[in-house]
There are 2 protein chains.
Amino acid sequence: MNKHTATSADVAALAGVSQSTVSRSFDPNSRISVATRQRVFEAAEQLGYQINKAAQTMIKKRSDLVGLVTAGLEDPFRSEFLHKLIIEVQNCGLRPMVMDVSDRETIDEELHGLIQYQLSGVIITSGTPSENIGKAFIRHGIPVVLVNRTEHSDEADIVNLDNEGAGEMAAKAFIESGKTNLVVVRSKKPSFSSVMRVKGFLNYLAPFLSGDKVNATEVLCDAGNYDSGYQIADKILTSQHKPDGIFFCMDHIACGFLDSAKRLVSPNEMSAIGVIGCDDIALASFRAYDLTTIRQSSSEIARASVETLLNRLQSPTSAPSKQAIPVELVYRSTLAKPQRTNIE
Amino acid sequence: MNKHTATSADVAALAGVSQSTVSRSFDPNSRISVATRQRVFEAAEQLGYQINKAAQTMIKKRSDLVGLVTAGLEDPFRSEFLHKLIIEVQNCGLRPMVMDVSDRETIDEELHGLIQYQLSGVIITSGTPSENIGKAFIRHGIPVVLVNRTEHSDEADIVNLDNEGAGEMAAKAFIESGKTNLVVVRSKKPSFSSVMRVKGFLNYLAPFLSGDKVNATEVLCDAGNYDSGYQIADKILTSQHKPDGIFFCMDHIACGFLDSAKRLVSPNEMSAIGVIGCDDIALASFRAYDLTTIRQSSSEIARASVETLLNRLQSPTSAPSKQAIPVELVYRSTLAKPQRTNIE
DNA sequence: TGTTGTTGTTCATACGTATGCACAACTCTT
DNA sequence: AAGAGTTGTGCATACGTATGAACAACAACA
């Protein structure tokens, strides 16, 4: 009806109260008589009043936006994680502002722009911000949560997957299944996750390796995707001594490998080779792959990340927290669950 | 250093100019002497000045946020599309504010909340907003772009895939390959896309059907995902007269079907059955499926959507636009490209 | 020299909300 | 009945930016 948007002053006029009374009516903690509040709500309804977030932000010095910094969304695992984060953020009455920092050299300058929005917080799931940028956010009173980052910032809260544990778990599963000739595959470009996964894998194996009963090789593939897995199969399956257990740091690579393997070796031979992936992406459970893998509950990480942020908002001065989300081995057909032995 | 964030007034004081001069220095279209601007920039740099978006929004009555309304991000196609949208929005110097309206009955109330942010625009890719909500945005001066929605709003700009064309294309491909016993599968719950795809499919076939040489059946599956495709295979492949051509309205369903089919019929028999999917998701090109499908370029749609929004911002009063993005048939192994015949 | 135009800057104000303070009208307590 | 506490409301102001209007300095032109 009216050409311009209704303001709290318009509502006040219609309800016959002051503007401050309108403002307080929308604050549950304010002392407002039931009758007045009722009248204000009716007037607001009638005018289609919507609060002006910009004005609110200016006063409160804090918007209800949360910056979600991500990269590489073409990876479905990341993409799924972003989805979960969005949901979690929404459920807290906050709004997700997404920022994709793919193919940027330094994400610092990009991140700097976020300070302008007086965000309630920033959750960084990709890219490696410099020490400085972290401090810049803190100085501006914007809490930062680092997810699965290598940063050892002493001011930001940190939520990590138990990547090292995932590697150990894979190694243990192979040993329990009696596999002795092991390979671990990760993308050439080192990421925090994959490096830690390999580390855990090799650490667990260390005692066995020295006994010479088991050996393990690290193989690098081009990238963290299906195609790289497809390619690397040639190298792995045509070597003189084929492995009988392969741990892939990402499910995608494993799936590419599996498809490629069908070309190269017989189903029978393939069934003797144990394969474990990591992440438990949707694809892994498809019948075409049915991949044994290490599940990282993206819901769990998302929940923990947002919860951490909320905690920080409530107690801004408490010491930075740091937690590792546990992982879980999901047996499927590429490595069968061994019969219970006394190896534990 | 300073405990509070620097404002334009602080910069002005340091540079020895007025606040308005600082403001104008950051506006390329303002007349400011080179020397002054230089001095202002230096002062800003020194103080780590960041413009306050909330204050700016209040004055300009428009933020640089764009609302991206989506749902069902567990579907990788949607998720990929969101990714593309985010990139496009960022490239225009705008910020994407994502809103997931999954599992909400009416998205209207959710959308209403967006009005508070004085968005530069809203791109709606999921859910079906009521006529009213569209009008509400328009009234508040917020342009709306509907992507692949059934809405016939006469105030919003519309970007559609050529869904009907996709259906026709699939039908034509089957006919050209000499397939006569056709099935088209879509999710039980009617979505705009799938309904139009089926419509196009059947429309193209109409003349052949009347000649009795070809027949076509519509089959509904539970949902638009892998598992539903897996399930529906039983129904389709165990019927008395098996089809020799199946068009799935979504690649996911097709992939589920293909995996399931391996259980039910021999590879030889399967090779006689043509399968066409729709969307060309990443999965479709995996060797495990190698699915012939109809490609919807998500980049193309994303680009067109954002471009449409920008056009609207430049000329707010011009008539609403409407465009259909063309699709493309990608031959892979589930339906081979027929030898050139004179059917055209 | 007076008129007109151009350039660069400042002043003052508006945007819409939240909130400390003051205060009036009650309710309780003694 | 008088002082003390409680409840509900209004006044006034601050937040940080953009921008129209005014103006000063200077150049161009007659």
Side-chain angles (χ1 to χ4, degrees), chain A residues 2-41 43-44 47-65 113 115-120 140-141, chain B residues 2-41 43-44 47-65 113 115-120 140-141:
Chain A
N2 231 335
K3 76 203 74 177
H4 80 303
T5 305
T7 72
S8 57
D10 298 332
V11 175
L14 180 59
V17 297
S18 72
Q19 179 269 327
S20 38
T21 298
V22 173
S23 176
R24 282 192 243 267
S25 294
F26 287 99
D27 174 5
N29 299 322
S30 274
R31 308 177 310 193
I32 291 286
S33 73
V34 191
T36 306
R37 184 170 262 145
Q38 174 71 10
R39 207 142 33 89
V40 168
F41 282 177
L47 295 176
Y49 169 68
Q50 295 282 348
I51 205 172
N52 182 321
K53 287 288 183 183
Q56 190 178 56
T57 298
M58 200 143 101
I59 290 292
K60 294 199 165 183
K61 297 185 174 303
R62 167 151 294 163
S63 73
D64 52 6
L65 296 173
I115 293 178
Q116 307 175 329
Y117 294 88
Q118 303 182 269
L119 304 171
S120 277
H140 287 266
Chain B
N2 231 334
K3 75 203 75 178
H4 80 303
T5 305
T7 73
S8 57
D10 298 332
V11 175
L14 181 59
V17 297
S18 72
Q19 179 270 326
S20 37
T21 297
V22 173
S23 177
R24 281 191 237 270
S25 293
F26 287 99
D27 174 3
N29 299 324
S30 275
R31 309 177 308 193
I32 291 286
S33 72
V34 192
T36 306
R37 184 169 263 146
Q38 173 71 10
R39 207 141 35 89
V40 168
F41 282 177
L47 296 176
Y49 169 68
Q50 294 283 347
I51 204 170
N52 181 320
K53 288 288 184 185
Q56 189 178 55
T57 298
M58 198 144 101
I59 291 291
K60 294 200 165 182
K61 296 183 174 307
R62 169 151 292 163
S63 72
D64 51 5
L65 295 173
I115 293 178
Q116 307 175 329
Y117 295 87
Q118 304 182 268
L119 304 171
S120 277
H140 287 266

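When reading the values below, keep in mind they use all heavy atoms of this one structure, side chains included, and skip hydrogens, waters and symmetry mates. Letters go in sequence order (proteins before strands), and every chain restarts at 1.
Out of C:dC11, D:dT9, C:dC15, the shortest distance to the side chain of B:Met58 is found at C:dC15. Of the candidates D:dG16, D:dA14, C:dT19, C:dT19 carries the atom nearest the A:Ser23 side chain, counting heavy atoms from C-beta on. With C:dC15, C:dT9, D:dT9 as the choices, the nucleotide that has an atom nearest any side-chain atom of B:Thr36 turns out to be C:dT9.
Side-chain nitrogen and oxygen atoms of A:Lys61 include none within less than 4.0 Å of the OP1 or OP2 phosphate oxygen of D:dA14. Contact annotation: B:Gln19 side-chain N/O to D:dG16 OP1/OP2 distance is not under 4.0 Å. OP1 or OP2 of D:dG16 has not a single side-chain nitrogen or oxygen of B:Thr7 nearer than 4.0 Å. Contact check, B:Ser8 against D:dG16: no side-chain N or O comes under 4.0 Å of OP1 or OP2. An OP1 or OP2 oxygen of C:dT9 is reached within less than 4.0 angstrom by a side-chain nitrogen or oxygen of B:Ser33.
Contacts of A:Tyr49 with the nucleic acid, taken as non-hydrogen atoms under 4.0 Å apart, involve only primed sugar atoms and P, OP1 or OP2.
In this structure, B:Arg39 and B:Thr36 have side chains that are in contact, with non-hydrogen atoms separated by less than 4.5 Å. You'll find the side chain of A:Leu65 reaches within 4.5 Å of the side chain of B:Leu65, heavy atoms only. The closest side-chain heavy-atom distance from A:Lys53 to A:Asp64 is below 4.5 Å.
Distance A:Lys60 NZ to D:dC15 C1': 14 Å, rounded to the nearest Å.
Taking the screw axis at each terminus of the helix from C:dT1-D:dA30 to C:dT30-D:dA1 from five consecutive base pairs, the angle between the two is 40° to within rounding of 10 degrees.
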